[in-house]
Student: 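After the C-alpha cells below, expect a handful of questions from me.
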Amino acid sequence: MSGDRITKALLFISSLTILLLGAGIVLSLFGGAIPAFREFGLKFIVSPAWNPTTGSEEYGALSFIAGTVITSILALIICIPMAFSTSLFIAEYYNGTRTSSILRSLVDLLAGIPSIVYGFWGFYALRPLLVATGLSDQGFGVFTASLVLAIMIVPYATSLSAEIISMVPAELKEAAYSLGATRREVIFSVVIPSARSGIIASFILALGRALGETMAVTMLIGNANVIPKGLFAPGNTMASVIANQFGEASGLKLSALIAVGLLLFLITAIVNALGKLIIKRFA
Amino acid sequence: MNNTPQSENVLEIRDLFIAYEPGRYAVKDVSAHVRRNSITAIMGPSGCGKSTLLRAMNRMHELYPNIETKGDILLDGQSIFSMSVIELRRKVGMVFQRPNPFPNMTIYENVVAGFSLNDIRLKKSQRDDIVENALRNVALWDEVKESLYRKGTFLSGGQQQRLCVARAIAFNPEVLLLDEPTSALDPIATSKIEDLLGELKKKYTLVLVTHNMSQAARISDDSMFMYLGELVESGHTNTLFTTPKDPRTEAYLTGKFG
Ligand SMILES: Nc1ncnc2c1ncn2[C@@H]1O[C@H](COP(=O)(O)OP(=O)(O)O)[C@@H](O)[C@H]1O
Ligand SMILES: [Mg+2]
C-alpha cells in the first residue's frame, strides 16, 4: 500500500517536472524575445533585414521564415510520392509478407539515423552531384537542403501513413472484394478514401519535422541571410541561423535570434497540433 | 437470366477441403447442394468452419494468400474455380456479420458501389432505377428516400445491414451469402431482416450462416450442421430438427454444445 503511494508520488513529481520544464522554456523564450519585439515591433516578422553592424543594427525574421517554409514545403513535395507509395506497398500490397516486414524495419532504421549523418552524406555525396549537373556552382542552396530534408522525413511519413493504412477495417475491403472489385479498385476506391485524412495528417506531421530540422540543413543551405532568389540559390532557415549565430551573439542580436526561435516554436507547434488533431479525429 | 435449363440445385459442393495452414483443415470433405430459391442455413458451434465454407462459395476465402483448397464447387453446373472471380462475385453476393456500408459514400453511392467499384458506367436514370429497386427490395426505400445523399453510416444498425443487402442485390445476383447477418442487431432489427430474407428467396437463392438455431428453424428450408470442419448432416430443416440422424446433431440441437 505505501509502496503504491510512493510510486504515485514519484510519477506525479516527474510529470510535474516536465510540465514546469516546458513552461520554463516557453517563458524564457518569451522573456528573451522581448527586447527584439520592443525594438522592431511586428515589423520583425515581415522585414528581411539582418544587419548586425553596430550603429545601424536592424533585424527581421522574414528571410529565415521564407527559407524554412520554402525548404520544408519543397521537401514535403518531394517526400509525398515516395512515402505514399512506400506506405501503400508496406501496409496494403505486401502486407503480412517477409518483403513488407524487411522494408518496415529498413524504414525504421532510416528514421533513426542522426541528422548530422544525413548532413554529412548530403555534403559529400549529394552536393558534388549537383555541382556536376552544372545547376549550382558549389552545390549549396535551397534545393540541396530540401532534397536531404525530404530523404529525412520520408521514413517518418512512411511509417505514419503505413500505420494509418493498416487501420482501414478489413471488413470494408472485404465488402468491396465481395462486390467484384479488383485489388487496384479496392485500394483506390476504399483504402485510400478511408485513410485519406490520416494520410494527410501524417504528411502534416512530417512537415512539422522538416520545419524544425537543423543540422543537415545548416550544412547544405549555404547560410546566406537573404530571401532565397531561386531553387539553387543559398538561403538560411530559422533553425540554421540560430545554430550559426548564437555563439557570437549578444544584446539585441541575441534577442532577435531568440525571437526567431520563438516564432519557429510557434509555427511547429501549430503544424504539429493540426496534424495530431486530424489523426485523432481519424482514429 | 440464364438460357440453359435450370436444374434445381444452384450450388453443388463436391469433396471440398480447405486449410488455412497446410494440413490443418477448417473444412473437411464437405459435399452438399443448395436448392434454387430456398434458404439454406449453415449451423454449428463457433469455429466449426461455417464462415470458411460460406466464403468459399464466392471464393472470398482466397483473400488469405496461404489458403489451400481441394475439391470443387459448381454454380449452375460450372466450376466456380474456372470462372473469373469478378464474374463469380457478381453472381454470388455477400452480406457480412457486421454492417459495413462504405463510410465515405452516401446511401445512394453505397447501393451502386458495385458498379462504380468495377468502373461500370451507367446513365443517371439507370442508376436511379437500380437504387430505388434495390432499396424497395430491402424495405428501406420509404425510410431513406429523403436522405439518399447522406452518408450511410448515419443509419441505425438494422438499416445499415439492409443497405448492405441492397448493395449486394443491386447486381441482381443468383445467390446471396449471409454470414451471421443479424448477430450484431437487436431483436426488432433481426426480425425485420428475417422477414426480408423470406421475401428475397423468391428472387434469389440464400445461404445463411447462423449461430442461432431458432432463426434457422424459423426461416430456412434446408439446413446443414457442421462440426469440427465436417458436414455432419444436411437436409430439409424440418427433418433435421425433428429427427436428426447423427447423435452430434442431436446434441447440438438440444444445447449440449456451442
Ligand atoms: N484467417 C484465418 N487463419 C487461420 N485460421 C483461420 C482463419 N480463419 C478461420 N480460421 C480457423 O478455421 C476454423 C474455422 O473458422 P470459421 O470458418 O471462421 O468458423 P465459424 O465461422 O464456424 O466460427 C477455425 O478453427 C479457425 O480458427
Ligand atoms: Mg464465422
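Below, read A as the first sequence line, B as the second, and so on, with proteins coming before strands; counting in each chain starts at 1. Everything quoted here is computed from the prediction, not taken from an experiment.
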Student: Looking only at heavy atoms, which two atoms of B/Pro103 and A/Leu172 are closest? And how far apart?
Tutor: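 Distance-wise, the nearest heavy atoms are CD-CD1, 3.5 Å.
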Student: Mark yes when over 12 heavy atoms from residues, nucleotides or ligands other than A/Phe12 sit less than 6.0 Å from its CZ; otherwise mark no.
Tutor: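 Check fails, neighbour count at 12 or below.
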Student: Is there any N or O donor on one of chain B and chain A with an acceptor on the other under 3.5 Å, and could you list each such pair with its distance?
Tutor:
from     : atom 1 : to       : atom 2 : distance (Å)
B/Arg55  : NH1    : A/Glu174 : OE1    : 3.2
B/Arg55  : NH1    : A/Glu174 : OE2    : 3.4
B/Arg55  : NH2    : A/Glu174 : OE2    : 2.7
B/Arg98  : NH2    : A/Glu171 : OE1    : 3.0
B/Asn100 : ND2    : A/Glu171 : O      : 2.9
B/Asn118 : ND2    : A/Leu179 : O      : 3.0

Student: Tell me, side chain or backbone of B/Met60 under 4.5 Å from chain A's heavy atoms, or both, or neither?
Tutor: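 For B/Met60, the contact with chain A is made by the side chain alone.
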Student: Which answer fits B/Pro65, side chain, backbone, both or neither, if we ask what part of it has an atom under 4.5 Å from a heavy atom of chain A?
Tutor: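 For B/Pro65, there is no contact with chain A at all, as no heavy atom is under 4.5 Å.
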Student: Restricting to non-hydrogen atoms, name the atom on A/Leu179 and the atom on B/Phe102 that form the minimum distance, rounded to 0.1 Å.
Tutor: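 Looking at all heavy atoms of both residues, the closest pair is CD1-CE1, 4.0 Å.
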Student: Side chain, backbone, both or neither: which part of B/Phe96 has a heavy atom under 4.5 Å from chain A?
Tutor: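 Contact with chain A involves the side chain of B/Phe96 alone.
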Student: Show me the pairs that pass salt bridge (Lys or Arg N to Asp or Glu O under 4.0 Å) and involve residues 260-272 of chain A, at least two apart or across chains.
Tutor: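 Every candidate salt bridge (Lys or Arg N to Asp or Glu O under 4.0 Å) pair involving residues 260-272 of chain A fails, so no pair, neighbours aside, qualifies.
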Student: For the CG atom on A/Leu21, are there more than 12 heavy atoms of other groups (residues, nucleotides or ligands in this structure) within a distance under 6.0 Å?
Tutor: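 Correct, the count exceeds 12.
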